[in-house]
Amino acid sequence: MVFLSSHTPRKDGHQPLSKFTEGLSTLVVGFAFLVLVSAYFIHNPSSFSRPQPPPPGEPHWKYKPTPPPKPPVIEHFPRAASAKAPSDLPSVPSWNTPPSPHVNESTPLFIGFARTWELLQQCVVSYIAAGWPPGDIYVVENTGTMDANRLGRLTLQNPLYLDYKRLTDAFGVNVITAPTLLSFAQLQNLFLYIAISNGWDHYFWGHMDVAVLSNEAWEDPETGEYKNLYMRAVDDIREARRTRDEPDDQGRTGGWAIRFYAYDRLALVNRTAFEQVGGWDPMIPYYATDCDMHSRLFMSGFKQGDVSVGRIFDVAGSLEDVELLYHRDPVDPRLDDSDPDLHPTLADILPEDVRGGAAFEHLQGKLQDLNDAKGHGDRLRWQGVQQGGQGEPYYRDAEGFQQSIVMLAEQGKKIMAEKWGHRGCNLKGLKFEDAWKVEHDWE
Ligand SMILES: *[C@@H]1O[C@H](CO)[C@@H](O)[C@H](O)[C@H]1NC(C)=O
Ligand SMILES: *[C@@H]1O[C@H](CO)[C@@H](O)[C@H](O)[C@H]1NC(C)=O
C-alpha cells in the first residue's frame with residue numbers, strides 16, 4: 001500500500017527528524033537573508049527605487065529660467081478638420097490620380113512620425129496629391145504615447161499630437177502605432193519587420209519633414225507620356241528588377257539594396273538585402289546609424305543608387321493652407337486672404353487647375369521658400385514648435401525630450417567610432433567582419 005506507507009514513520013525515526021531540521025535550517029537561512037538584505041538597503045538608501053523624503057531645511061533646488069512662450073500652432077488645413085471621408089476633400093488632381101486597378105507591384109510607403117503634426121499632415125497630403133494610393137501609405141506613429149492619439153486624448157499644442165481620425169478617415173491612410181518610443185534605428189527595424197510580416201519584398205520609406213511634388217513638366221523620354229511621382233517610383237521598382245544583375249561602376253553585382261530619391265528623403269528598400277546584413281544596428285540609435293547600415297550593405301556587395309522621381313522639398317514648416325497641394329486655381333478671387341468669407345477653406349471646393357499651370361507654379365514657389373528657409377535656420381527647429389500638452393497622457397517636457405535625443409545621438413556617434421575604429425563615415429578598406437575587431441585609427 002504505497003499510499004499508506006508514505007505516511008508511516010520509518011522504524012528508525014530518522015526520516016521525520018531530518019525533514020524537521022531541514023525545514024528549520026531553511027527558515028533560519030531565509031531569515032538571515034532577509035536581515036542582510038534589509039540591512040543593506042538601510043545602509044544604502046540610494047538602492048531604494050522609491051522616492052526619499054526631502055532633506056530637512058530649506059529646499060536647495062535652483063530652477064532654470066522659464067523658456068519664453070512660443071506662439072500656439074494653428075490649423076493648417078481647415079477643411080480637413082471637419083472632413084469625415086476623402087469625398088469631403090478636394091479630389092487629387094486628375095493627372096495624378098492613382099492607377100485603378102492598382103499596379104501589380106506592391107508599393108507600401110512608411111512615414112515615421114516623431115512629433116510636429118503640421119509637418120506630417122503636409123507630407124502625407126503631398127504624397128496623396130502626387131498620386132500615391134492612400135491605402136499604401138503607412139504612418140508609423142512613434143511618439144511613445146501608446147493609444148492616446150487613437151483615442152483623441154492629446155491636443156494640438158502637444159508636440160506628440162497626431163490627428164489619428166483625420167489620417168484614417170479623411171485621408172484614407174493607415175496608422176501603425178509603435179508599442180513604445182523607438183530610436184531611429186529601431187524604427188527602421190520596425191519597418192523591416194512589418195515588411196517581413198506582410199511578405200513585401202520591397203518597401204519605400206520617407207522622412208516626415210518633406211513635401212513632395214510631381215515634376216509636372218516631365219515626360220517619358222520614350223513615349224512622351226507624363227508620369228507623376230508615384231508612377232515614376234513604380235517605374236523605378238521595375239528598373240531595379242531589370243538591372244538587378246548588371247554590375248555597377250564598381251563591379252558590384254549583388255543586386256540592389258536601396259535606391260535613394262533626393263538623398264534619403266525617400267528611398268526604396270530591398271527587404272532581403274537588409275535582412276541579409278542583419279538590419280539596422282540599434283546600438284547606434286540616431287546619427288551615424290545610416291552610415292553604419294549603408295556601409296555594411298556596400299561591404300556585402302549590394303548596389304545603391306540615386307534616382308530622381310520628382311521634387312522632394314526638405315521643409316521645417318507647413319504651407320499656410322495645405323489645400324494648395326490639390327492644385328486649385330490660385331488666381332481665383334476666393335483665394336484672397338483679405339476677405340475671410342471668400343477664403344477657399346470656407347467656400348466650396350474650387351475647380352482644379354491644369355497640369356503645370358499657375359496653381360502648380362504658385363505651389364512650387366511656396367515649397368521652395370519653405371525648403372530655403374530650412375536651409376538657413378536651425379535644421380531641427382521644427383521639432384520644437386509646440387510646447388503644450390501638460391497634464392495629458394504620457395506628457396514629456398518638450399525641451400527635455402529634445403535634449404535627451406541629442407545626447408543619445410551623440411553617444412551613438414561614439415559607439416559608431418568604437419565599432420569601426422574610425423570617427424566619421426569613411427570606412428573604406430574595412431570589411432563586414434571587421435566590426436568591433438579593429439583598433440582606433442586616431443591614436
Ligand atoms: C499584372 O498581372 C496580371 C496578372 O498576372 C498580368 O496579366 C498583367 O500583364 C500584369 N501587368 C503588368 C504591367 O505587368
Ligand atoms: C534584393 O536582394 C537580394 C539579396 O537578398 C538579391 O538577390 C536581389 O537581386 C535583390 N533584388 C534586386 C531587385 O536587386
Side-chain angles (χ1 to χ4, degrees), residues 95-110 130-136 138 185 187-206 214 218-282 289-310 427 430-435:
W95 52 94
N96 286 343
T97 317
S100 177
H102 196 281
V103 295
N104 285 356
E105 294 79 5
S106 53
T107 53
L109 165 61
F110 293 119
W132 214 284
D136 285 3
Y138 293 79
L187 183 68
Q188 291 291 340
N189 281 337
L190 179 63
F191 296 167
L192 187 55
Y193 176 77
I194 298 169
I196 294 168
S197 309
N198 284 286
W200 297 327
D201 55 12
H202 57 254
Y203 58 87
F204 294 89
W205 79 268
S214 296
W218 190 89
E219 284 164 356
D220 190 314
E222 278 165 33
T223 61
E225 183 193 356
Y226 165 72
K227 283 188 176 166
N228 60 42
L229 178 133
Y230 174 69
M231 284 313 297
R232 289 178 67 187
V234 169
D235 273 354
D236 198 52
I237 297 175
R238 296 173 180 163
E239 176 68 8
R241 288 188 173 160
R242 197 181 63 72
T243 59
R244 80 174 83 198
D245 299 323
E246 289 177 10
D248 68 3
D249 52 7
Q250 302 188 49
R252 245 164 263 283
T253 52
W256 291 102
I258 188 163
R259 296 175 65 97
F260 297 106
Y261 313 103
Y263 311 102
D264 67 349
R265 293 175 196 170
L266 173 66
L268 169 66
V269 166
N270 176 350
R271 182 194 110 198
T272 49
F274 274 51
E275 280 180 281
Q276 225 158 295
V277 301
W280 294 70
D281 186 345
T289 201
D290 52 347
C291 168
D292 172 75
M293 182 71 200
H294 301 142
S295 299
R296 285 184 290 118
L297 289 165
F298 183 89
M299 293 167 184
S300 305
F302 288 109
K303 295 185 285 186
Q304 309 181 29
D306 288 293
V307 186
S308 173
V309 292
L427 304 185
L430 286 167
K431 298 186 298 298
F432 189 85
E433 316 74 64
D434 291 340

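All values below were derived from every heavy atom in this structure, side-chain atoms included, with hydrogens, water molecules and symmetry-related copies excluded. One is the number of the first residue; the rest follow in order along the sequence. One-based numbering, in listed order, for ligands and for the atoms of each.
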- For Tyr263, look at atom OH and say whether over 12 heavy atoms of other residues, nucleotides or ligands are found less than 6.0 Å away. no
- What atoms of ligand 2 come within less than 4.0 Å of a heavy atom belonging to Gly255? 9 (O), 14 (O)
- Query: Going through the checks in order, is the side chain to side chain donor-acceptor pair (under 3.5 Å) test met by Asn198 and Tyr203?
  - Reply: CA-CA 11 Å; Asn198 284 286; Tyr203 58 87; over 6 Å; no
- Message: Tell me the protein heavy atom at minimum distance from atom 5 (O) of ligand 1, and give that distance in Å.
- Response: Asn104 ND2, 4.7 Å
- Item | Minimum-distance protein heavy atom relative to atom 10 (C) of ligand 2 | Asn270 ND2, 2.4 Å
- Task: Apply side-chain contact (heavy atoms from CB on, under 4.5 Å) to Ile194 and Phe110, showing your working.
- Result: CA-CA 10 Å; Ile194 298 169; Phe110 293 119; 3.9 Å; yes
- Task: Starting from atom 14 (O) of ligand 2, find the nearest protein heavy-atom neighbour and note its residue, name and distance.
- Result: Trp256 N, 2.6 Å
- In terms of residue, atom name and distance, what is the protein heavy atom nearest to atom 4 (C) of ligand 2? Gln276 OE1, 3.4 Å
- Answer with yes or no whether the side chains of His102 and Asp136 bring together a donor and an acceptor at under 3.5 Å. yes
- Item | Heteroatom distance test (Thr272, ligand 2): nitrogen or oxygen, under 3.5 angstrom | yes
- Query: Between the candidates Arg259, Arg244, Glu246, which shows the shortest non-hydrogen contact distance to atom 9 (O) of ligand 2?
  - Reply: Arg244
- Message: Would you say atom 7 (O) of ligand 1 makes contact with the protein, given that contact here means a non-hydrogen protein atom less than 4.0 Å away?
- Response: no
- Task: Report yes if the side chains of Trp280 and Leu187 come closer than 4.5 Å at any heavy-atom pair, otherwise no.
- Result: no
- Could you please spell out the steps behind the salt bridge (Lys or Arg N to Asp or Glu O under 4.0 Å) verdict for Asp236 and Arg232? CA-CA 6 Å; Asp236 198 52; Arg232 289 178 67 187; over 6 Å; no
